[in-house]
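Lettering of chains follows the sequences in order, A, B, ..., and the numbering in each one begins at 1. These values consider heavy atoms only, across backbone and side chains, with no hydrogens, waters or symmetry-generated copies.
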Amino acid sequence: MINITLPDNSVRQFPEGVTGLDIAKSISEGLARNVLSIEVNNVVCDATRPIYTDAKVKLLTWNDAEGKATMWHSSAHLMAEAIEALYPGVKFGIGPDIENGFYYDIDFGDQPISSDDFGKIEKKILELARGKQNFVRKDVSKSEAINYFTSKGDEYKIELLEGLDDGSITFYESGKFTDLCRGPHIPDTGFIKAVKLLNIAGAYWRGDEKRKQLTRVYGVTFPKQKELDDYLVFLEEAKKRDHRKLGKELELFAFSQKVGLGLPLWLPRGAALRERLEMFLKKVQKKAGYEQVMCPHIGNVELYKTSGHYQKYGESSFRPISTPVEGEEFFLKPMNCPHHCEIYKVKPRSYRDLPVRLAEFGTVYRYEQSGELHGLTRVRGFTQDDAHIFCTPEQVKDEFKGVMDIVMLIFKALDFKDFIVQISLRDPDNREKYIGSDENWEKAERAIREVAIERNLNTVIELGEAAFYGPKMDFLVKDALGRKWQLGTIQVDYNLPERFELEYIGSDNQKHRPVMIHRAPFGSMERFVAVLLEHTAGKFPLWLTPDQAIVLPISEKYQDYANKVLNVLNNAEIRTLIDDRNEKAGKKIRDAELMKIPFMLVVGEREELDGTVSVRKQGHGDLGPQKIEDFIRFVQEEIKNELGEIH
RNA sequence: GCCGAUGUAGCUCAGCUGGUAGAGCAGCUGAUUUGUAAUCAGCUGGUCGGCGGUUCGAAUCCGUCCAUCGGCUCCA
């Protein structure tokens, strides 16, 4: 008998060779029907694999991320089997589970495939799933494995095998399909009740753009049809919130082929919104001791040679700008840091001056690959809410705190409630690849960790993810649909102060090198507005939204009163429009609802007599009549609540 | 940059196997004077992404370039 410890720390005895499924059955039949895989001593494996020693066991179901992963990985195999049945002779690359489903990279040879074929593949998958084929694990020798795939002509699998050690190779067999696979898998294909193939795309073999491009088929499966239906609704909702669509509908920004790809044009409403975001941050930063600076959009090539960016990115950037002077070259500014370093150097700095905090909404230009461009999230010209803090190594911690306070204020004002702080530190096994003294790194890494703990934030630490020039902290927000977006970033830099020979005179009257901190709480204005659009579905917080209210006169007779209301509100700094078209109230309301204007103020005979407006809240319906002054106070109060102390 | 799909009016989209373009919304004009998500009528609007080819004839077939979308690679 062996002792099995369950997650609630209860210990049960089972005979040697017990499987996860047996354990589940001993608890309840229902559980056994839902077990997808098990965790044995923190390693996920098949629920059908026998256990021979005492172990800590967790049964994994659809409610566990690892359980889902097992199911999706098995689904990739099942899809491969279906595709092999429909397209004999195809060759397989890899087929892993991913965050939302799975994919398989397949070489279809000269057989054409498109998303039109999804229907018949899905049908085949479900047909195979209903066969409840078991996933059978087999240990094979390397030569056996190579023989198998050689006879099948699967050169990709053979290449994968070459990288594996003999003795560690396993096959999984389900139905007519056998695959090189570490596992684990679900007990049988019967768990897969609903399937949706999502899209199809090219993908380089082993991620190498010099190698052959395979066809990647993406899909997702579920244990219940209802879950698939819910997922499809989610996809629909995400589509509705696409910032590119909303940006067009709400007239915030546009693109023009003539202007150039990846170069957004901010329309009046979008520009005003962006300006409000900037004003908000400027106010916050002023309080936090930042000083605004301004820099030109181009810089001499020497500046970027000093910073090192020319050597690293010069070739893949916008071509340099030449002048009538022989050999003189300028670059479009790809980042603001080198300019700010030069501002720091304008005069000698004393330790008493530090920290120096230089802020700029700096527009930069980067030549992103054409296929990379995407709405406002990936563009070739964008504006960073940039600032550089020059401080002593001892001040790093306090400066981090200060920046985090700013980020938190922003998240609050924009209603991002769910976020993760990701801290990127050195690779502990590879310390020599980092620039800067061990002592300073130590200090900064400790400071960052401590700040996160003191603020009690949901933190993940990524070892080895730091840039060669310093550790960093990124903020990942979850939007209203649970999707993760990277926004703000704080980055320590030991490199640029060195390259630009930045100095300050310490209390010991000696020269010292300051630490530089890059930080951008929004990331970029473009990206931030995009995320905000997708998060709010275009219903911005009241303080930020382009138009806060619209006056809707019932008919021309009430035009004068409507204009009076308009003036009073605009004088009270409530951004208000008027819809004086010759239309019925219903039409005006519908249009205002679609433009997502937070408050509609219907005025007619009654309102004119009483000096009121009938307030209708976007998405909520009629709130009834209010005195104009009451409405103003109400709006001002709402805004105060949203902005907190910044107002 | 690479693979695949797509490109018709300001927007959303029809247009079968080639026979010189159509709807709804928006816009304009007029009627209507309207009470919480679309009043009615008329009108305007397109070198069918660009260029080249096949054909008596091309939105439709072929080539090429451009752009968009989905991925891959990339992201200082």
(message) Just to verify, what does Glu638(A) make a salt bridge (Lys or Arg N to Asp or Glu O under 4.0 Å) with, not counting sequence neighbours?
(response) none
Under-3.5 Å donor-acceptor pair between [X] side chain and [N] base:
{"X": "Arg206(A)", "N": "C72(B)", "value": "no"}
{"X": "Tyr204(A)", "N": "G1(B)", "value": "yes"}
{"X": "Arg366(A)", "N": "C75(B)", "value": "no"}

(message) Does anything in residues 605-620 of chain A come within less than 4.0 Å of RNA chain B? Heavy atoms only, and list the residues if so.
(response)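 Heavy-atom contacts with RNA chain B come from Glu605(A), Arg606(A), Glu607(A), Ser614(A), Arg616(A).
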Would you mind telling me which of [options] lies closest to the side-chain atoms of [X]?
{"X": "Ile589(A)", "options": "G35(B), G71(B), A37(B)", "value": "A37(B)"}
{"X": "Lys587(A)", "options": "A76(B), G71(B), A26(B)", "value": "A26(B)"}
{"X": "Arg244(A)", "options": "C74(B), G70(B), G35(B)", "value": "G70(B)"}
{"X": "Pro334(A)", "options": "A76(B), U33(B), G70(B)", "value": "A76(B)"}
{"X": "Glu583(A)", "options": "A37(B), U39(B), U33(B)", "value": "U39(B)"}

Under the ring-ring contact (aromatic ring centres under 6.0 Å, His included) rule, collect the residues that match up with [X], sequence neighbours excluded.
{"X": "Phe540(A)", "value": "none"}
{"X": "Phe102(A)", "value": "none"}
{"X": "Tyr104(A)", "value": "Phe92(A)"}
{"X": "Phe419(A)", "value": "Phe411(A)"}

(message) With nearest nucleotide decided by heavy atoms, which residue, Tyr365(A) or Ser370(A), maps closer to the 5′ end of RNA chain B?
(response)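 Closer to the 5' end of RNA chain B: Ser370(A).
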(request) Map Ala585(A) and Gln213(A) onto RNA chain B by nearest heavy atom, then report which one ends up closer to the 5' terminus. (result) Gln213(A)
Sequence-distant partners of [X], side chain to side chain donor-acceptor pair (under 3.5 Å), two or more places apart:
{"X": "Tyr494(A)", "answer": "none"}
{"X": "Arg581(A)", "answer": "Asp579(A), Asp591(A)"}
{"X": "Glu465(A)", "answer": "none"}
{"X": "Gln384(A)", "answer": "Asn336(A)"}

Is the distance from OP1 or OP2 of [N] to the nearest side-chain N or O of [X] less than 4.0 Å?
{"X": "Tyr218(A)", "N": "C72(B)", "value": "yes"}
{"X": "Arg581(A)", "N": "U34(B)", "value": "no"}
{"X": "His374(A)", "N": "C75(B)", "value": "no"}

(message) Checking Thr383(A) against Arg274(A): is there a side-chain donor and acceptor pair closer than 3.5 Å?
(response)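 Short answer, yes.
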Can you pull every protein N or O that's under 3.5 Å from an N or O on nucleotides 6-14 of chain B?
none

(request) Starting from the C-alpha separation in whole Å, work towards a yes-or-no answer on side chain to side chain contact (heavy atoms under 4.5 Å, CB included) for Glu593(A) and Met600(A). (result) CA-CA 8 Å; Glu593(A) 286 276 349; Met600(A) 285 150 267; 3.3 Å; yes
(message) Expected output check: what is the dot-bracket annotation of RNA chain B, where ( ) and [ ] are pairs inside the strand (brackets for crossing ones), | is paired with another strand, and pairs are Watson-Crick or G-U under 3.5 Å?
(response) (((((((..((((.....[..)))).(((((.......))))).....(((((..]....))))))))))))....
(message) Can you check the distance between C16(B) and U8(B), where both ends of the measurement are the P atom (answer in whole Å)?
(response) 15 Å
(request) May I ask you to establish whether Arg527(A) and Phe522(A) are in a cation-pi arrangement, using a distance under 6.0 Å from NZ or CZ to the six-membered ring centre and at most 45° from the ring axis? (result) no
(request) Look at all strands and tell whether Leu214(A) reaches a base, only sugar-phosphate, or nothing, counting heavy atoms closer than 4.0 Å. (result) nothing
